[in-house]
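Written below as structure tokens is the structure these notes are about.
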Amino acid sequence: MAGVSVQPGTAAPPQPVHARHVADDPRAVLARPLAATSLLDAVKDLRRDVEATSFPLDLPGTEPARLSRVRLVDQLGEHLIPRLTQLSAPAVVVIAGSTGAGKSTLVNSLVGAEVSAAGVLRPTTRRPVLVHHPLDAELVAHLPMLDAVDVVQSELVPRGVTMLDAPDLDSVLESNRDQAHRLLEAADLWLFVTTAARYGDALPWRVLEAAVQRGASIAMVLNRVPPASLPTVRGDLLERLRGHGMEGSPLFVVPDLGPHEGLLDPAVVAPVQRWLTNLAGPDRSRTVIARTLRGAFAALRPWVDELADAVQDQVDAAAGIATALDVAVAAPAEAAQASLRAGAVADGAVRARWAALTAPGAPLAGLVRGSGRVPGSARDAAARASATEPLVDELRRATAAALAAAGGRAEDALAAVLDGPDAPQGAASVRTAWDRRAARDDRGRTAERLAREWTSQGERTVRAALSSASSAGSAASGAAGASGDGAARDDKRTAKRRRQAEKAVGVDTLGAIALAGAAGVDDASALLRALLGDAVADRAVATLRDDLLARVPAVVGPERATAAAPLEHEDLAEDAPSRLRLRLAVLKGLT
Ligand SMILES: Nc1nc2c(ncn2[C@@H]2O[C@H](COP(=O)(O)OP(=O)(O)O)[C@@H](O)[C@H]2O)c(=O)[nH]1
Ligand SMILES: [Mg+2]
């Protein structure tokens, strides 16, 4: 079987007759699915990110940015994305023509397989068949006529094109089924198949004219032309095309070579195949999309940039507020530590309890005799331990109160910064979202926990001080033995008294005394020195005092954190503005 011929007996390459280039018709140049999809995806991504962008802080200029964001989401979602989706849909090429013209045979031959029933027995094509490339499945899914067709996939259909073997025109028009009409109206291109015998039929021309009026492109396949009559028939057909305003349409000629069943020779349909491939040409379709949407994309850039700038303002403001909050709590934290160092915990109930415990005849009275001996037995130690329990309770209560007060002053300072005349931009939004009640509830619990932890360190700290002194002491006594030094003898006496105190007073009670000393009861520190020696007593008291001061940040920090919680927003994160800018860059690269 010979290829498509333009002139019988010439070796002219099989080219369609063109009066006008198909590519000039924007309707004829449809999207390349890959590029179109990525462009569509890029715009969808942008829309999603723009929609997700919030402006948590009220700044000057935030309100216009919020409105602009809403309008941009609308513009993208209601206009650009539908338009892009439309442009990205594959071109629907409907194969139309009179019954028996060879439509189904042409479709089958183009895809190299019998996807649509063909034959002499009528009717053959009862339900339209839509053929597309497997990779276009997702885009094809958006086509409006899917419920009315059988869908077949073929690798031989160029991407970006779907072929629809429609029911015979005559039967479509007779049945006047809405579905069939919708099908034909959805077509972007008509590949009109006619024969030397049928091209004069009036009905197909009426249908074609209506398609041209709707803006569809037309190409003609003149099928089964006896070589002898080709010049006449071809001339006639071109005349008719001109008469119906279709002079620009390509014309393919398939010569008749006698009775035929099954697929046509691939060479015969190659020009039609090339035309289809050309139709789906990748770069051109991308250019068409870009050209069609150039105005929209150009408007998008400054718009998105503006939003990204507004997000940047939010991020900058958040950083400013965070710094202001840091500064706000620094002074109350330092003041709280200074007052703890000055003995705030000891004032009031603690000092009164100490006085009661050390009054003449009370459990801690006369612990140190003039001789330096520590009076008492292990039984006395147990009695003293239970007697000092109320002292530890009092210390815990006073410590909790002091720490809670530090938290309260931190809250006041935070409020002053967020409310004050020099409040940083956006502070009002943070202030509104700040859950002060929750902070207060937590504060009491936190302060009590910290106080309990601190008082539980008394005994442990004394034990640690004693054990480090005894290991240092045994090292020192070795040296003293050799030199007979007086200070070493003193150390020996101190160490002996320490051991006595440990046994007779008990580490529990020593811990309570050390806590009282660290809290600021100077008499307690003095007693501890008398019992344990200056070095060990001072070490224990200093350790406990440092421990107490170190708990201030644990109560002030959460105050700041609660106030700053509204800043923990992903749109206030440092990289927030770059998200939108990145989307814009991707889009720029695609258009
Ligand atoms: N000789 C010849 N027969 C053809 C050609 N195209 C189709 N036919 C035959 O014409 C008959 C009708 O073809 P079919 O594809 O079913 O036409 P449709 O009704 O337009 O789909 C079938 O028997 C085909 O084998 C062709 O190019 N040459
Ligand atoms: Mg058919």
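First listed ligand is number 1; within each ligand, the first listed atom is number 1.
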- Between Thr53, Thr62, Asp58, Asp571, which is the residue that forms a side chain to side chain donor-acceptor pair (under 3.5 Å) with Gln314? Thr62
- Item | Test of proximity, Ala117 against ligand 1: N or O pairs below 3.5 Å | no
- Task: Would you mind listing which atoms of ligand 1 come within a distance below 4.0 Å of any non-hydrogen atom of Thr105?
- Result: 6 (N), 7 (C), 13 (O), 14 (P), 15 (O), 24 (C)
- Going by heavy atoms, is Gly100 under 4.0 Å from ligand 1? yes
- Using a 4.0 Å heavy-atom threshold (strictly under), name the region of Leu264 that reaches ligand 1: side chain, backbone, both or neither. side chain
- Asn223 to ligand 1: N or O pair under 3.5 Å? yes
- Item | Residues Arg206, Glu209: salt bridge by 4.0 Å N-O rule | no
- Query: Parallel under 30°, tilted from 30 to 60°, perpendicular over 60°: which one fits the rings of Phe192 and Trp205?
  - Reply: tilted
- Task: Pick out which of Asp236, Thr194, Asn223 makes a side chain to side chain donor-acceptor pair (under 3.5 Å) with Tyr199.
- Result: Asp236
- Message: Under a 4.0 Å threshold between the charged nitrogen and the carboxylate oxygen, would Glu51 count as salt-bridged to Arg48?
- Response: no
- Task: Using distance alone, determine whether Asp165 and ligand 1 share an N or O pair under 3.5 Å.
- Result: no
- Query: Considering only heavy atoms of Asp256, which atoms of ligand 1 have at least one such atom less than 4.0 Å away?
  - Reply: 1 (N), 2 (C), 28 (N)
- Message: I want to know if ligand 1 touches Gly102 in the polar sense, i.e. an N/O pair below 3.5 angstrom.
- Response: yes
- Least distance between heavy atoms, Ala324 atom then Val417 atom: CB-CG1, 3.8 Å
- Task: Please report the shortest heavy-atom distance between Ser116 and Asp165, naming the atom on each side.
- Result: OG-OD2, 2.5 Å
- N, O or S of Thr105 under 2.8 Å from the Mg ion (ligand 2): no
